[in-house]
Amino acid sequence: MRIPTRRAFIATAAALALGCASLAGAEDFPAKPIKIIVPYAPGGGADILARLVGDKLSERLKQPVIVENHGGGSNTIGMGMVARSEPDGYTLGLATPVFVMAPLGMKAKPYDPIADFTPVAMIGFTPLVLVVHPSVPAKTVQEFIALGRANPGKLNFASLGKVTTQGLAATMFNQMAGIDAVQVPYKGSAPGVRDLLSGNVQYMFNALPSMLGHVKGGKLRGLGVSSAKRSPELPDLPTIDEALPGYQVTTWYTFVAPKGTPTDVVERLNHEVNEILAEPDVADKLHKRGLTPDAMTPERLGHHFETEAAKWAKVAHDAHIQPE
């Protein structure tokens, strides 16, 4: 019979102590303020959403939730900070499609959206809308595709850059529709919309909430929404998928954490965010902003990121977009 040595007793005791400490840490989470890094300037849609959910999260967790804005670098400055943070659940990042798109245009990758992050929770999504200047004769998506095919290189579209949601959404549409058009990049959505309103460019894909007023006011003509279903805000506007099967694009808002964040902490945060999304006042505020709440498990969110990353990598590759 082998008698355990003193060293073995010490090792066993240490392992038990470590396990108990880990369990206690999970049960005690959060024991200090949580930080949400938003890779956009204050006042925008992503910032407003982060603060809306952050305030509710603070109430539920009984700890302050602080929102910090770190814009620039096509989101990569803020999201890079998240990736380099301690994986303890106290630093979250608000990620949008640009999170998986931006690295596609960079030789020196600031992060890997799949390998360097832990999916936490989905907040919701909103479709884009294809809008044209009223001078464009097309009244439907089918007519616009025919117009574009008949006039190669003559139509201009506004974007925020080649590897942005607006840019890649338009590029994918052009690829699927067989349209040869000229991309005109702008430093922000507002100047692009201004040029569209003045007729300097003919069309644009942009988030539905930011275009609703222009479409309803008749200043721009909406041709279709990019989601799988019609939007309640514009119920008479068909989906692009109805004319171009397989075309679906949404702008989504999610929370991510650094890779290695404990599973039980992630599950706690996921549960709390999903409960927040189910609150009537929160759901109402999201709907008023054109967003559809979409509670997901971390596993399903991870699959969503992988699907999105693969989709946009293919679009960039087929468009011969070279990293710079």
Side-chain angles (χ1 to χ4, degrees), residues 36-40 45-46 49-50 53 70 73-85 87 89 91-106 109-128 160-169 171-172 207 226-228 246-274 276-277 286 291-318 321 323:
I36 298 175
I37 293 178
V38 176
Y40 294 92
L49 286 178
V53 179
H70 295 279
S74 297
N75 282 201
T76 60
I77 293 176
M79 298 313 294
M81 293 174 65
V82 177
R84 295 187 296 272
S85 297
T91 301
L92 303 176
L94 189 130
T96 67
V98 182
F99 163 65
V100 300
M101 294 173 175
L104 297 173
M106 300 180 176
K109 307 297 184 187
Y111 56 77
D112 184 316
I114 306 302
D116 295 339
F117 295 87
T118 297
V120 175
M122 168 72 84
I123 299 173
F125 65 89
T126 184
L128 280 69
L160 276 65
K162 292 181 179 180
V163 287
T164 62
T165 306
Q166 294 85 348
L168 286 176
T171 297
M172 188 170 86
S226 65
S227 49
Y247 184 89
Q248 292 181 22
V249 178
T250 59
T251 292
W252 35 265
Y253 299 88
T254 68
F255 285 128
V256 297
K259 197 70 173 181
T261 301
T263 301
D264 44 10
V265 170
V266 171
E267 289 177 349
R268 171 78 188 281
L269 289 168
N270 176 268
H271 171 77
E272 298 297 344
V273 172
N274 290 347
I276 290 168
L277 297 179
L286 292 179
L291 267 80
T292 300
D294 191 12
M296 289 187 182
T297 63
E299 293 76 19
R300 184 180 162 208
L301 181 57
H303 178 69
H304 172 76
F305 287 154
E306 292 171 357
T307 301
E308 287 281 286
K311 176 174 74 176
W312 296 121
K314 183 180 186 305
V315 172
H317 176 269
D318 292 348
I321 295 174

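Values reported hereafter were calculated over all heavy atoms of this structure, with side chains retained and with hydrogens, waters and symmetry mates removed.
Distance check: Asp116 CG to Ile114 CD1 gives 10.0 Å after rounding to the nearest 0.5 Å. With rounding to the nearest 0.5 Å, the separation of CG in Leu277 from CD1 in Ile123 is 7.0 Å. The CG atom of Leu286 lies 6.5 Å from the CG atom of Leu49; values are rounded to the nearest 0.5 Å. Atom CE of residue Met122 and atom OG1 of residue Thr297 lie 11.0 Å apart, to the nearest 0.5 angstrom. In this structure, Gln248 CD and Ser227 OG are separated by 8.0 Å, a value rounded to the nearest 0.5 Å. How far OG1 of Thr250 is from CG of Leu291: 10.0 Å, rounded to the nearest 0.5 Å.
Listed by chain and number, the residues in a ring-ring contact (aromatic ring centres under 6.0 Å, His included) with Phe255 amount to none (sequence neighbours excluded). Remark: Pro258 engages Val82, Ser85, Pro87, Thr261 in a side chain to side chain contact (heavy atoms under 4.5 Å, CB included) (not counting sequence neighbours). For Tyr111, the ring-ring contact (aromatic ring centres under 6.0 Å, His included) partners are Phe99, Phe117, not counting sequence neighbours. For Asp294, the salt bridge (charged side-chain N to carboxylate O under 4.0 Å, His left out) criterion is met by Arg300, not counting sequence neighbours. Under the side chain to side chain contact (heavy atoms under 4.5 Å, CB included) criterion, His303 pairs with Glu306, Thr307, not counting sequence neighbours. The side-chain hydrogen bond (donor to acceptor under 3.5 Å, both in side chains) check on Glu272 picks up Arg60, Arg268, with sequence neighbours excluded. Judged as a side-chain hydrogen bond (donor to acceptor under 3.5 Å, both in side chains), and not counting sequence neighbours, the contacts of Tyr40 are Asn75, Thr96. Among residues two or more places apart in sequence or in another chain, the side chain to side chain contact (heavy atoms under 4.5 Å, CB included) test is passed with Ala121 by Asn270, Val273. Scored by the salt bridge (charged side-chain N to carboxylate O under 4.0 Å, His left out) test, Lys314 finds Asp318 as partners (sequence neighbours excluded). With sequence neighbours excluded, the residues forming a side chain to side chain contact (heavy atoms under 4.5 Å, CB included) with Glu308 are Val100, Trp252, His304, Lys311, Trp312, listed by chain and number.
A pairwise comparison of heavy atoms in Pro119 and Gly302 identifies CG-CA, 3.5 Å as the closest pair. Thr118 and Gly260 get closest at one heavy-atom pair: OG1-N, 3.5 Å. Counting all heavy atoms, side chain and backbone alike, Met79 lies closest to Pro39 at SD-CG, 3.8 Å. Residues Ala169 and Tyr247 come closest through the heavy atom pair O-OH, 2.8 Å. Here the shortest heavy-atom pairing between Gly89 and Leu269 reads O-CD1, 4.0 Å. Nearest approach of Pro298 to Val266, heavy atoms of both residues: CG-CG1, 3.8 Å.
No side-chain heavy atom of Asp112 sits under 4.5 Å from any side-chain heavy atom of Pro103.
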message: One pair to check against side chain to side chain contact (heavy atoms under 4.5 Å, CB included): Leu301 and Val120. What are the steps and the verdict?
response: CA-CA 7 Å; Leu301 181 57; Val120 175; 5.5 Å; no
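Side chain of Thr254 to main chain of Ala95: a donor-acceptor pair is present (N/O by atom type, distance under 3.5 Å, no hydrogens or angles).
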